[in-house]
2 protein chains.
Amino acid sequence: MPSETPQPAFVLVRPQMGENIGAAARAMWNFGLDRMRVVAPRDGWPNQKAVAMASGAGRLLDEAQIRTDVAEAVGDCHFVFATTARARGLTKPVYSPEGAMAEAAERIAQGQKVAVMFGPERAGLENDDVAKANAIINVPVNPEFASLNLAQCVLLTAYEWRRAQGNIEARRVDMAKADWAEQIEIEKLSDHYEARLGEAGFFFPEHKAEGMKINLRNMWSRMPLTRADVQMLHGVLRQMVRWKERGD
Amino acid sequence: MPSETPQPAFVLVRPQMGENIGAAARAMWNFGLDRMRVVAPRDGWPNQKAVAMASGAGRLLDEAQIRTDVAEAVGDCHFVFATTARARGLTKPVYSPEGAMAEAAERIAQGQKVAVMFGPERAGLENDDVAKANAIINVPVNPEFASLNLAQCVLLTAYEWRRAQGNIEARRVDMAKADWAEQIEIEKLSDHYEARLGEAGFFFPEHKAEGMKINLRNMWSRMPLTRADVQMLHGVLRQMVRWKERGD
């Protein structure tokens with residue numbers, strides 16, 4: 001059974017080598033984290049190489065949630081971080097590992113669910129994955145030599161989580177208890193806008209359509225939206241459609 | 001040539017596997033450290049497995065100081081840390097990695113030479129090695145599962161060195177180069193939505209209209225919107241109106 005301690009979920013997105021999944025499990029458990037989610041592992045699941053490498057932290061693999069896509073894997077979360085090595089064109093808040101885990105600790109103390117996504121070994125997360133995150137974690141490595149592997153990136157983030165635990169009492173929790181939307185609600189909102197705007201001919205010209213869609217999704221996921229905001233934004237769109245259909 | 005930047009030397013004491021020496025070199029160089037010393041490597045020197053693993057950080061191995069014992073390896077240093085997994089009976093100051101690297105940074109700024117010793121993979125440093133250190137670094141791992149390997153221990157310490165330099169922002173790094181919308185632009189966006197949604201019959205029933213308008217304005221003004229976001233949101237609405245007007 002996963003520990004009772006409230007904590008972020010670590011989401012390995014399309015990991016390739018089983019050894020790295022096992023090493024990531026060890027890195028997590030070294031700092032007391034035991035909620036792993038795995039999206040579309042290249043070599044299927046269960047993975048014997050992962051089990052062999054995880055020795056001592058194998059429970060994390062047994063209990064891992066396996067999902068087929070990122071949207072599903074983070075659907076129940078209120079706030080999602082994406083770890084990236086490079087700066088991206090995407091406009092999102094960028095955190096250090098320390099800042100991110102302090103933010104995660106605050107949100108979790110308020111009852112929110114938080115996830116941290118880690119990309120595949122070589123390429124890292126795709127823009128489409130990052131667009132689903134609320135914020136980015138950037139490990140400020142040596143610009144001449146940035147070669148952290150998956151388990152090392154997990155290790156540093158888990159280490160900062162543990163460090164943040166010592167700071168929780170010192171931190172003011174002054175945000176009102178807002179009823180924040182979950183990730184799945186933001187995803188549905190994005191889908192709704194994408195579908196209707198598609199019908200309306202918004203994504204034009206064709207060769208820019210993909211980029212426009214990512215920008216739009218990125219904007220929604222970056223906004224601190226409450227459930228009420230999401231309902232209102234659905235309502236706005238629905239009303240425009242009704243208006244069109246009435247044709248008056 | 002080692003970089004000019006003043007920094008601690010990392011001393012690998014009797015390391016066993018060449019792969020781990022190479023991985024330690026990579027971990028160091030990820031955070032800009034390039035002064036390695038190696039005491040009595042089990043498999044001799046140079047070590048081809050170390051070279052293969054270090055790829056990109058191989059220069060650290062070429063330039064490493066190889067010594068036969070610990071006393072010789074740290075003889076020129078003013079202050080020496082020993083990393084240990086367990087608390088020892090020895091009476092020495094115990095530092096967290098963060099505290100240790102802050103101490104190291106202060107001493108180095110005063111012109112002192114500082115070294116950090118890392119023990120062999122299985123057993124760690126012997127009491128006799130630790131006795132040569134001025135202080136201990138203890139990584140606060142999960143007491144139920146303390147299994148950091150050599151390169152991971154080097155990685156966390158190097159990361160804390162880099163943090164001590166102030167190169168790593170302690171808190172949120174604000175969104176890079178975001179071109180934030182000014183208040184007047186948010187106001188115009190609110191006006192645009194209010195006007196069009198009014199025409200579309202969104203603010204209904206009548207007695208709730210005022211409250212709905214306030215909620216909508218409040219949402220826009222609460223969002224961290226860039227100029228590009230504002231343009232996109234205008235575009236979304238304009239497109240819906242065009243779609244309606246086409247009446248197709």
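The structure displayed is predicted, hence computed values, not measured ones. Residue numbers start from 1 in every chain, and the chains themselves are labelled A, B, ... in the order their sequence lines are given, proteins ahead of strands. Only this structure's heavy atoms are used, side chains among them; waters, hydrogens and symmetry mates stay out.
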Quick one: pull up CD in A/E144 and CG in B/D34 and give me the separation to the nearest 0.5 Å.
9.0 Å
Less than 4.5 Å apart, any side-chain heavy atom of B/N142 and any of A/F31?
no
Heavy-atom closest contact (B/K244 atom, A/G247 atom, distance)
NZ-C, 3.8 Å
Region of B/A57 that comes under 4.5 Å of a non-hydrogen atom in chain A
both
A/A200 versus B/R246, closest heavy-atom pair with distance:
O-NH2, 3.7 Å
CG of B/D229 to CE of A/M223, rounded to nearest 0.5 Å, is 4.5 Å
A/W243 side, atom CH2; B/E245 side, atom CD - distance, nearest 0.5 Å:
6.5 Å
Side chain, backbone, both or neither: which part of A/Y193 has a heavy atom under 4.5 Å from chain B?
side chain
Which atoms of A/R162 are under 4.5 Å from chain B, going by heavy atoms: the side chain, the backbone, both sets, or neither?
side chain
Between B/N215 and A/M232, what is the shortest heavy-atom contact and its length?
O-CE, 3.5 Å
Which residue in the set B/L156, B/V141, B/V139 passes side chain to side chain contact (heavy atoms under 4.5 Å, CB included) when paired with A/N30?
B/V141
Tell me whether A/Q239 contacts the main-chain N or O of B/L197 through its side chain, where contact means a donor paired with an acceptor under 3.5 Å.
no
Could you grab the distance from atom OH of B/Y159 to atom CD of A/E98, nearest 0.5 Å is fine?
6.5 Å
If you tally heavy-atom pairs under 4.5 Å against chain A, which of B/A151, B/A158, B/S147, B/G56 wins?
B/S147
Distance from B/R163 atom CZ to A/E160 atom CD, nearest 0.5 Å?
5.0 Å
Value rounded to 0.5 Å, distance of CE in B/M219 from CG in A/L233:
4.0 Å
Under 4.5 Å from any heavy atom of chain A, what part of B/L33 do you find: side chain, backbone, both or neither?
neither
Kindly determine whether A/M240 and B/V241 satisfy side-chain contact (heavy atoms from CB on, under 4.5 Å), including the steps that lead there.
CA-CA 8 Å; A/M240 295 305 288; B/V241 171; 3.8 Å; yes
What do you reckon, is NZ of A/K188 surrounded by more than 12 foreign heavy atoms closer than 6.0 Å?
no
